[in-house]
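We're numbering straight along the sequence, starting at 1.
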Amino acid sequence: MIRPDLSLPIPDRIDAAHFIGIGGSGMSGLARMFLARGIRVSGSDRADSAVLRELAALGADVHIGHDAAHLPTDADTVVHTGAIWPENPELLLARERGLAVIHRSQALHWLIGGRRLVAVAGAHGKTTSTGMVVTALQGLDVHPTFVNGGVIAQLGVSSGTGSDDLFVIEADESDGTFLLYDTAVALVTNVDPDHLDHWGSREAFFDAFVRFADRASEAVVISADDPGAREVRALLSHGRVITFGESEDATVRVHDVVTEGGLRFSVTADGHTVHAALPVPGVHNAINAAGAVAVLGALGIGFEDAVRAVEGFAGTVRRFDLHGVRRGVSVYDDYAHHPTEVEAALTGARSVVGDGRIIAIQQPHTYSRTQEMYREFAQVLEACADHTVMLDVYGAREDPVPGVTGELVSGAFRDPSAVHYVPDWQQAADYAASVAREGDFIITLGCGNVNLIIPQVLGALEDVGDRGGR
């Protein structure tokens with residue numbers, strides 16, 4: 001991977017930008033915003049996708065595969081992610097030409113300019129929380145510009161250009177780029193040590209969150225429940241800290257949460273209580289909603305108006321997405337790729353599955369995370385799913401590590417009968433379908449390409465039904 005060099009200068013003016021890896025959710029959102037500003041946009045990605053076709057329809061010059069010939073002669077700036085290889089031919093040619101080469105976070109910083117910024121950070125819940133803040137503001141007739149890490153379901157996009165002087169972003173702590181922004185209101189959903197391959201130590205990871213929060217010019221909104229967030233909070237010197245969660249001492253407190261028959265809960269702040277409901281499942285989403293309410297309050301919006309506006313949130317793509325029902329088995333997809341996220345996703349599913357069972361299809365993400373956390377993954381999956389089908393590791397930007405496969409996770413289960421390691425996708429889909437029965441949920445988990453197995457799962461369920469299976 002390429003570590004971002006945030007000391008590199010960001011151009012004052014950009015007329016033609018080339019995006020290496022333009023099809024990713026974050027990069028495509030940036031490209032869409034560059035197009036909205038009238039900037040010429042080109043880009044490449046390793047595979048075709050609906051996102052690339054949408055960008056092409058908007059006027060971008062997109063290419064499949066990475067080749068030096070894809071870099072336009074008139075490009076003045078190249079935008080990249082940390083996921084590309086240093087030997088990428090487009091990157092090498094850009095440097096040879098002396099073009100401005102910037103990380104996507106620097107491109108986002110350029111887009112933000114001097115606008116009032118809400119930045120959402122944390123190991124989990126960033127995309128959902130950002131989506132809640134954005135849709136709530138729009139429901140209140142405030143129109144921010146925004147860049148999210150995933151598609152907001154009711155908007156159908158991950159980014160948009162608004163008319164108000166307010167910018168909302170999902171800020172990435174994985175590589176330190178969340179320290180680049182001039183934040184007005186910082187939201188910290190949690191501080192669960194991750195990405196230690198970048199930070200090197202737990203202490204460095206926590207120190208980065210302290211710096212991120214303390215630099216906010218107006219307010220810090222931070223979890224009152226998460227142990228890591230409480231540790232960071234104790235180190236803050238900021239003059240305005242707003243907490244949220246189920247803890248009794250939370251500034252914005254969630255309580256009386258009911259998960260059966262839809263998510264219902266109460267929110268209390270300054271002695272006032274408002275009852276609320278959301279169409280997305282899970283206690284964690286009630287807590288995410290409280291964080292969004294606290295952010296809206298920090299922006300000057302009244303408490304009850306904020307709660308009612310957050311109720312309008314309909315979810316984000318790849319967060320407990322229903323893709324189909326075959327012979328009474330519901331097939332969902334979720335982006336969860338950290339043990340805490342997997343636990344939240346499966347707990348949320350458990351609250352709505354009723355008498356049915358949960359069959360997880362897990363794709364571990366990156367060799368470093370799998371090597372570090374395979375025991376935690378096994379523990380959570382065994383506790384929260386009725387059965388797990390384990391795929392192999394999605395390496396993303398990393399080279400394979402000997403011995404680090406999906407079997408490492410499955411081997412850590414206490415009950416070997418609760419997990420089945422199947423590296424072949426069709427065999428995995430067939431096995432999941434053979435285990436499932438009417439009323440069950442099959443849930444794919446991971447932020448790689450595990451969602452692409454879903455058509456095979458749906459097809460396998462149909463085949464089992466045709467054969468008179470259970």
To the nearest 0.5 Å, what is the distance between [atom1] ([X]) and [atom2] ([Y])?
| X | Y | atom1 | atom2 | result |
| --- | --- | --- | --- | --- |
| Ser247 | His255 | OG | NE2 | 13.0 Å |
| Leu278 | Thr259 | CG | OG1 | 13.0 Å |
| Leu30 | Ser159 | CG | OG | 7.0 Å |
| Phe244 | Ser129 | CZ | OG | 6.5 Å |
| Ile222 | Leu187 | CD1 | CG | 9.0 Å |
| Asp424 | Gln426 | CG | CD | 7.5 Å |

Is the count of non-hydrogen atoms from other residues, nucleotides or ligands lying under 6.0 Å from [X] atom [atom1] greater than 12?
| X | atom1 | result |
| --- | --- | --- |
| Glu382 | CD | yes |
| Asp249 | CG | yes |
| Arg53 | CZ | yes |
| Arg233 | CZ | no |

Ile22 vs Leu52, side chain to side chain contact (heavy atoms under 4.5 Å, CB included): CA-CA, chis, key distance, verdict: CA-CA 8 Å; Ile22 196 170; Leu52 262 62; 4.1 Å; yes
Between [X] and [Y] (side chain of the first, backbone of the second, donor and acceptor by atom type, cut-off under 3.5 Å), is there such a pair?
| X | Y | result |
| --- | --- | --- |
| Gln362 | Met390 | no |
| Asn285 | Asn288 | no |
| Asp226 | Gly228 | yes |
| Glu341 | His337 | yes |
| Gln363 | Asn449 | yes |
| Gln456 | Ala429 | no |
| Asn190 | His124 | yes |
| Asp164 | His143 | yes |
| Thr347 | Ala344 | no |
| Arg104 | Met27 | no |

Strictly by modelled atom types, are Asp172 and Thr177 linked by a side-chain donor-acceptor pair under 3.5 Å? no
Charged N to carboxylate O under 4.0 angstrom, [X] versus [Y]?
| X | Y | value |
| --- | --- | --- |
| Asp225 | Arg253 | no |
| Glu372 | Arg369 | no |
| Arg211 | Asp207 | yes |
| Glu231 | Arg202 | yes |
| Glu218 | Arg116 | yes |

Apply side chain to side chain contact (heavy atoms under 4.5 Å, CB included) to the pair Gln379 and Arg414, showing each step before the final yes or no. CA-CA 8 Å; Gln379 182 179 0; Arg414 291 171 299 172; over 6 Å; no
Determine the sole option in Asp463, Leu461, Val331 for which the side chain to side chain contact (heavy atoms under 4.5 Å, CB included) test with Arg326 is passed.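 So the option named by the test is Leu461.
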Using salt bridge (Lys or Arg N to Asp or Glu O under 4.0 Å), reason through Glu462 and Arg327 one step at a time and then give a plain yes or no. CA-CA 7 Å; Glu462 291 176 349; Arg327 61 179 181 85; over 6 Å; no
Check whether any side-chain heavy atom of [X] lies under 4.5 Å from a side-chain heavy atom of [Y], and answer yes or no.
| X | Y | value |
| --- | --- | --- |
| Ser330 | Leu322 | yes |
| Phe320 | Asp333 | no |
| Arg215 | Leu179 | yes |
| Val450 | Leu445 | no |
| Val118 | Leu299 | yes |
| Ile169 | Thr130 | no |
| His323 | Pro455 | no |
| Val220 | Ile242 | no |

Provide the closest heavy-atom pair for [X] versus [Y] in the form atom of the first, atom of the second, distance.
| X | Y | answer |
| --- | --- | --- |
| Gln371 | Val401 | NE2-CG1, 4.0 Å |
| Leu180 | His109 | O-CD2, 3.4 Å |
| Leu408 | Tyr374 | O-CD1, 3.4 Å |
| Thr370 | Pro364 | OG1-CB, 3.3 Å |
| Val435 | Asp440 | O-OD2, 4.4 Å |
| Thr183 | Ala119 | OG1-CB, 3.6 Å |

Once ring pair (Phe, Tyr, Trp, His ring centres under 6.0 Å) is applied, what residue pairs with a partner in residues 425-455 remain, sequence neighbours excluded?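 Sorted pair list: Tyr332-Phe441, His387-Tyr431, His420-Tyr431.
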Quick one: ring pair (Phe, Tyr, Trp, His ring centres under 6.0 Å) pairs with a partner in residues 259-316, sequence neighbours left out? none
Applying the salt bridge (Lys or Arg N to Asp or Glu O under 4.0 Å) criterion to Asp386, which one of Arg437, Arg357, Arg350 satisfies it?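 For Asp386, the salt bridge (Lys or Arg N to Asp or Glu O under 4.0 Å) check succeeds only for Arg350.
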Full working for side chain to side chain donor-acceptor pair (under 3.5 Å) between Tyr335 and Asn451: CA-CA 9 Å; Tyr335 197 71; Asn451 58 309; over 6 Å; no
Show which side-chain atoms of residues 144-153 pair as donor or acceptor with protein atoms under 3.5 Å away, not counting sequence neighbours.
| from | atom 1 | to | atom 2 | distance (Å) |
| --- | --- | --- | --- | --- |
| Thr145 | OG1 | Arg115 | NH1 | 3.2 |
| Thr145 | OG1 | Gly162 | N | 3.0 |
| Asn148 | ND2 | Thr127 | O | 3.1 |
| Asn148 | ND2 | Gly150 | O | 3.4 |

Run the numbers on Ser28 and Phe19 for side chain to side chain contact (heavy atoms under 4.5 Å, CB included), then give the verdict. CA-CA 9 Å; Ser28 61; Phe19 290 76; over 6 Å; no
Ring centres of Phe178 and Phe209 under 6.0 Å apart? yes
With side chain to side chain contact (heavy atoms under 4.5 Å, CB included) as the criterion, how do Leu391 and Ile361 come out once you've worked through the C-alpha distance, each side chain's angles and the decisive distance to 0.1 Å? CA-CA 7 Å; Leu391 303 177; Ile361 301 179; 3.9 Å; yes
